[in-house]
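The block underneath contains the structure these notes are about, expressed in structure tokens.
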Amino acid sequence: MRRILIMGATSAIAEATAREFAALGAALFLVGRDSARLSAIADDLRLRGASQVDMQVMDARALDDYPQLVDAASARLGGLDTALIAHGTLTDQAAAQASIALLADEFRVNALSQMALCTVLGNRFEAQGHGCIAVISSVAGDRGRQSNYVYGAAKAAVTAFTSGLRQRLHPKGVVVLTIKPGFVDTPMTAAFRKGPLWATPAQVARAIVRAIQQRRAVLYTPWFWWPIMLIIRHLPEALFRRLRL
């Protein structure tokens with residue numbers, strides 16, 4: 001039975017992943033900002049087979065509270081061996097490039113807060129000699145594009161950070177999984193026109209659970225984003241900067 005902390009538990013991908021783990025009988029500790037939404041999700045997960053569901057209301061910006069959060073999750077679940085870090089915002093590029101304050105806040109939510117929680121979890125799992133930290137980054141972090149480079153830069157930071165953390169913790173028996181979804185049909189992307197490259201939260205959730213079970217290092221989901229991003233990463237800069245992406 002896995003004992004799992006889920007940060008950003010009200011996000012569509014996190015909720016779908018929690019449902020997958022609930023069906024496997026996992027014990028879950030949900031964290032998010034919306035108390036009513038957390039309670040509704042918790043009730044649903046109990047009905048789906050979760051062996052235990054606890055919750056805590058918290059803003060991801062409260063970096064100093066992460067040690068207490070991890071302690072609370074471990075105490076309530078009787079230990080902790082898995083974490084899914086799934087919180088974040090989809091940055092308004094035009095607004096962020098016009099406001100240093102918004103730029104800084106977006107980095108605090110989409111990068112710094114994730115790295116802070118990874119640090120607390122990494123130290124705990126290193127000390128206990130096992131554990132899995134799964135972090136949702138994005139294909140947007142593979143190369144900066146004019147349409148979302150603030151968001152992409154934050155995700156690039158998360159990707160680089162988890163790569164280094166994975167290398168550090170590998171000898172200690174701790175898995176660090178970097179999750180790179182492509183386009184996912186969620187409330188956060190409701191205004192976007194959908195196409196054949198879009199996935200559902202349920203599809204992404206199933207891939208995340210498999211990757212955690214298989215102790216994977218990096219997950220592109222759906223799978224076809226790996227060759228797509230391979231091509232995009234290797235486009236010559238002289239060509240890439242002329243593209244309208």
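No hydrogens, no waters, no symmetry mates; every other heavy atom, side chains included, goes into these values. Here, residue 1 is the first one in the sequence, and each next residue gets the next number.
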Can you give me the closest heavy-atom contact between [X] and [Y], atom names plus distance?
| X | Y | result |
| --- | --- | --- |
| Ala96 | Leu103 | O-CB, 3.8 Å |
| Val139 | Met229 | O-CE, 3.4 Å |
| Ile179 | Ala134 | CD1-CB, 4.0 Å |

### Ionic contact status for Glu15 with Arg37, cut-off 4.0 Å
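So Arg37 pairs with Glu15 through a salt bridge.
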### Message
Quick test of your reading of the model: are Asp105 and Arg108 salt-bridged, counting only N-O distances below 4.0 Å?
### Response
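Answer for the salt bridge query: no.
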Would the distance check show the side chain of [X] and the main-chain N or O of [Y] forming a donor-acceptor pair, the cut-off being under 3.5 Å?
| X | Y | answer |
| --- | --- | --- |
| Thr162 | Val158 | yes |
| Arg124 | Val120 | no |
| Ser99 | Leu102 | yes |
| Arg76 | Phe29 | no |
| Thr82 | Cys132 | no |
| Lys180 | Ala140 | no |

### Query
Is Arg2 close enough and on-axis enough to Phe21, meaning under 6.0 Å and within 45°, for cation-pi?
no
Using side-chain heavy atoms (C-beta onward) and a distance below 4.5 Å, is [X] in contact with [Y]?
| X | Y | value |
| --- | --- | --- |
| Phe125 | Leu169 | no |
| Arg216 | Arg210 | no |
| Arg19 | Leu45 | yes |
| Arg143 | Leu235 | yes |
| Gln93 | Tyr151 | no |
| Ile41 | Met55 | no |
| Val70 | Leu117 | yes |

### Task
Among residues two or more places apart or on two chains, list those pairs meeting ring-ring contact (aromatic ring centres under 6.0 Å, His included) that have a residue in residues 152-188.
Phe183-Trp198, Phe183-Trp225
Any chance you could measure [X], atom [atom1], to [Y], atom [atom2], to the nearest 0.5 Å?
| X | Y | atom1 | atom2 | result |
| --- | --- | --- | --- | --- |
| Gln213 | Leu177 | CD | CG | 11.5 Å |
| Ser74 | Asp81 | OG | CG | 9.5 Å |
| Leu84 | Ile208 | CG | CD1 | 6.0 Å |
| Gln128 | Glu126 | CD | CD | 11.0 Å |
| Gln114 | His87 | CD | NE2 | 4.5 Å |

### Query
Side chains of Thr178 and Ser137: do they bring a donor and an acceptor to under 3.5 Å?
no
### Query
With distance as the sole criterion, is a donor-acceptor pair present between the side chains of Asn110 and Thr89 under 3.5 Å?
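Side-chain D/A pair, Asn110 to Thr89: present.
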### Task
State plainly whether one hydrophobic cluster holds both Tyr220 and Leu245, where clusters connect Ile, Leu, Val, Met, Phe, Trp and Tyr through side-chain heavy atoms under 4.5 angstrom apart.
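Same hydrophobic cluster.
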### Message
I'd like to check the side-chain contact (heavy atoms from CB on, under 4.5 Å) partners of Ser51; sequence neighbours left out, ordered by chain and number.
### Response
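Result, side-chain contact (heavy atoms from CB on, under 4.5 Å) vs Ser51: Met1, Ala27.
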